[in-house]
Amino acid sequence: MITTSGVDPKELAKRGESLIRKSTNRYLTTVRIAFRAKQRRFDDFDGLLEESSVKPVQRAIVELSDEQDQPDLLPG
């Protein structure tokens, strides 16, 4: 999904729509995406992430979509 040149826009749109469609509160989903993107932005500044070509909002949508679709991958 995430390549060196970025994220496929059509796939990103599908994932974003899926997040909103499956949510009970669109506002809270938007806030979660923004918060995750802010975290990823600071991770990029700290040099913790190696893929800096993917924008933080794109990365947040992909991560949250993966967490929603595959909850068994989460630790705990």
Side-chain angles (χ1 to χ4, degrees):
M1 175 59 205
I2 299 178
T3 62
T4 56
S5 63
V7 179
D8 178 33
K10 290 181 181 180
E11 181 69 22
L12 187 66
K14 281 193 237 178
R15 286 176 177 250
E17 288 174 15
S18 173
L19 279 172
I20 296 297
R21 194 177 325 109
K22 293 179 181 178
S23 72
T24 57
N25 188 327
R26 291 179 180 200
Y27 174 76
L28 290 179
T29 301
T30 304
V31 169
R32 284 180 50 215
I33 292 170
F35 182 75
R36 180 73 63 97
K38 186 176 180 180
Q39 286 178 323
R40 296 299 167 252
R41 192 179 105 215
F42 287 118
D43 288 348
D44 282 347
F45 285 143
D46 293 338
L48 299 176
L49 296 175
E50 60 279 350
E51 298 179 34
S52 60
S53 65
V54 178
K55 295 184 180 189
V57 173
Q58 294 173 336
R59 181 183 305 276
I61 291 172
V62 169
E63 289 176 0
L64 289 171
S65 175
D66 286 343
E67 290 173 10
Q68 182 181 50
D69 295 340
Q70 301 169 357
D72 54 323
L73 296 179
L74 295 175

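In this chain, residues are counted from 1 in sequence order.
For the salt bridge (charged side-chain N to carboxylate O under 4.0 Å, His left out) condition, the pairs that include at least one residue of residues 27-36, sequence neighbours left out, are Arg36-Glu63, Arg36-Glu67.
Legend: residues meeting side-chain contact (heavy atoms from CB on, under 4.5 Å) with Lys22, ordered by chain and number and at least two apart, are Ser18, Gln68, Asp69.
Nearest heavy-atom pair, Ala37 versus Pro56, reported as atom, atom and distance to 0.1 Å: O-CB, 3.3 Å. What you find for Ile61 and Leu19 is that their closest heavy atoms are O-CD1, 3.8 Å.
The hydrophobic cluster around Phe35 extends to none of the other residues, as no ILVMFWY side-chain heavy atom falls under 4.5 Å of it. Grouping Ile, Leu, Val, Met, Phe, Trp and Tyr residues whose side-chain heavy atoms lie under 4.5 Å apart, directly or via other members, leaves Ile20 alone, with no other cluster members.
Screening Val62, Val54, Val57 for a side-chain contact (heavy atoms from CB on, under 4.5 Å) involving Leu12 leaves a single residue, Val62.
Residue Gln58 holds its CD atom at 12.5 Å from CD of Glu11, rounded to the nearest 0.5 Å. Interatomic distance, Ser23 OG to Ile33 CD1, rounded to the nearest 0.5 Å: 8.5 Å.
In this structure, the side chains of Asp66 and Arg15 come closer than 4.5 Å at one or more pairs of heavy atoms.
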